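Note that this is a predicted model, so its numbers are computed, not measured. All residue numbers refer to positions in the sequence shown, counting from 1. Just follow the structure's listing: the first ligand is 1, and inside any ligand the first atom is 1.
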Amino acid sequence: MNIPREFPEDFIWGSATASYQVEGAPFEDGKGASVWNEFEKRPGVMRDDANGNVASDHYHRYKEDIAIMKDIGLTGYRFSFAWSRIFPEGRGKVNQKGVDHYKRVCETLLENGVEPFVTLYHWDLPLALQKDIGGWESRDCAKYFGEYAELVGREFKGLVRNFSPVNEFLAAANVAYGMGLIAPGLKLSTKRVNQVRHHLLLAHGLGAQALKSANPEAKVGMAENSNFMVPVIDTPEHVEAAKKALREQNAHFVTAMLEGKYLDCYLEKEGENAPVFTDEDMKIISTPLDFAGLNLYHGKRVRYAPEKECGYHIFEENEYTQRTGINDFYFEPSSLYWGTRLFYEVWKPKEIYITENGTRQESDRPDPDDGEVYDDIRVRNLRLNLTQLARAVNHGVPVKGYFHWSFMDNLEWHHGFRPRFGYVYINYTTQQRIPKLSAKWMKEVIKNGRVM
Ligand code: GCO
């Protein structure tokens, strides 16, 4: 049978990681401490007392890892720079060894036909900034982030074109400063957390401006796990209701970035806890972006609800819905279709990338008979998800690439090493890498340009 392609030739097939989760080498070559190096010492906060001292040893083994990417046929790699490798204190003196390390990584990627997509902040704040100025509670933190972005834009000209300043605002603010589950592990009041959120948005905007002025060729987009909506059935009233829900349920981050304002419904809901901001802040926050990066793990089913003031109703999930992802996200393959399509219809981004999507499987392990890792559930989930993504591409939604979370198994934050998300299995005793069944499946998808 002659089966046609579903994804264009230039579609970027990538995978993603984050510095603290994979690198190890927390104090090597002049790196400063991050908030994680302090947080992980607190008794009981990390499952199994895990820490990032070695993780997937990517700092030392990036060449081997990039060779595996090439073998799979991956053409993109989304990863993050550890701010404290570049500015050990978060500001001031630059650590040239850190800059040089990431230059070597980028050069190796390019030599192997893999396009780097760099995140500047994936939750590993330089510890000095937390200690000296209170981290993201301080507006100055956004200013220092802008300086870091400027340096990266300048130094990586010709090596990196695509950047995401901040990965996932909700975790960086609420989970880190409100729930205290990730570093720095604080439990601040709602009002203070909302101000942290605003400062992170400001950092995003200042970072976008700095990257673009340092390198006019830079393309900047967010990497955001928005609240994605799936109309319960495909009829105009439900689709419109889902779009309204999309704007309003993302008023705290995405809508602010893409529309340059906090919607009244958000400010009213927060009341006296609403963030303090200026018109000038909102201009910075809404610096035009080149792409929308969506960390898309799930979608909420929505129906038109004329009986409600907001006009929509979001269905509760229940015990029959399969869970995936670390936070028990509900598995909803059609969110790859509706998530991208509605995002495009509401905000018209020039390009969309799935900057994350993946499946946790604690049971991944080498088969005792042949040593292969048969992650069949991941393959199944990928097949269902990519079928829906292909629909979006073929309906004209400008989805330009898909970055799987993750390239390899890694340190799943406070959940430790047991949750495994990678295409590549890591033996944490020997650091042996074993591409899983999903990597083999992906190789076929990339070769044939269609869901296999
Ligand atoms: C995320 C995180 C990743 C997680 C992944 C799996 O951006 O949520 O960026 O670091 O590891 O989502 O839970």
Side-chain angles (χ1 to χ4, degrees), residues 14-24 34-36 39-40 46-47 50-52 55-56 58 76-83 117-125 163-176 178-179 181-183 197 200 204 221-228 250 253-254 292-299 322-332 335-336 339 353-362 364 375 377-378 381-382 385 402-426 428 438:
S15 62
T17 63
S19 43
Y20 174 70
Q21 295 184 271
V22 295
E23 283 183 350
S34 85
V35 286
W36 281 92
F39 178 74
E40 64 191 15
M46 303 287 285
R47 186 175 173 190
N51 64 51
S56 313
H58 189 51
Y77 181 41
R78 174 174 176 244
F79 63 109
S80 75
F81 288 180
W83 182 349
F117 278 65
V118 169
T119 307
L120 293 187
Y121 182 65
H122 203 127
W123 315 343
D124 48 352
L125 188 74
F163 293 97
S164 296
V166 175
N167 179 73
E168 292 186 11
F169 295 90
L170 192 75
N174 291 63
V175 185
M179 299 161 74
L181 290 175
I182 62 173
R197 291 172 168 202
L200 280 157
H204 156 86
M222 81 279 276
E224 184 52 3
N225 62 336
S226 318
N227 289 311
F228 297 103
N250 292 294
F253 303 124
V254 176
L294 310 184
N295 290 2
L296 211 168
Y297 289 88
H298 66 141
Q322 195 212 332
R323 294 170 181 222
T324 180
I326 198 62
N327 289 320
D328 282 346
F329 299 139
Y330 291 90
F331 185 55
E332 180 57 78
S335 63
L336 274 289
Y353 290 91
I354 302 299
T355 33
E356 282 182 33
N357 167 254
T359 297
R360 169 187 80 207
Q361 248 187 292
E362 296 206 6
D364 287 355
D375 56 338
I377 300 297
R378 183 169 297 101
N381 287 5
L382 270 163
N385 285 341
Y402 171 87
F403 292 81
H404 188 70
W405 186 272
S406 171
F407 170 67
M408 58 189 156
D409 296 339
N410 59 57
L411 175 50
E412 182 60 18
W413 309 109
H414 56 301
H415 297 281
F417 289 102
R418 279 196 249 175
R420 291 177 179 268
F421 275 92
Y423 282 144
V424 177
Y425 176 89
I426 303 288
Y428 291 111
S438 54

Would you call Arg378 and Glu362 a salt bridge, taking side-chain N to carboxylate O under 4.0 Å as the test? no

Could you tell me whether Phe117 and Phe403 have their ring centroids closer than 6.0 angstrom?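 Aromatic pair counts; centres sit under 6.0 Å.
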
Salt bridge (charged side-chain N to carboxylate O under 4.0 Å, His left out) involving Glu356 - partner list, sequence neighbours excluded: Arg78

Applying salt bridge (charged side-chain N to carboxylate O under 4.0 Å, His left out) to Arg420 and not counting sequence neighbours gives Asp409

Is there a donor-acceptor contact under 3.5 Å linking the side chains of Asn381 and Asn357? no

Should you measure from each heavy atom of [X], which atoms of ligand 1 turn up under 4.0 Å away?
X: Phe421; result: 6 (C), 13 (O)
X: Asn295; result: 7 (O)
X: Gln21; result: 3 (C), 10 (O), 11 (O)
X: Trp413; result: 3 (C), 4 (C), 10 (O), 11 (O)
X: Glu356; result: 1 (C), 2 (C), 3 (C), 5 (C), 7 (O), 8 (O), 9 (O), 12 (O)

Answer yes or no for Asn167: is there a heavy-atom contact with ligand 1 below 4.0 Å?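 Asn167 counts as a contact of ligand 1 under the 4.0 Å cut-off.
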
Of Arg418, Glu412, His414, which is the lone residue that meets side chain to side chain contact (heavy atoms under 4.5 Å, CB included) with Arg47? Arg418

Candidate with minimal heavy-atom separation from atom 9 (O) of ligand 1, of Arg360, His122, Glu412: His122

Trp405, Tyr297, Tyr20: member with heavy atom nearest to atom 12 (O) of ligand 1: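 Heavy atom nearest to atom 12 (O) of ligand 1 belongs to Tyr297.
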
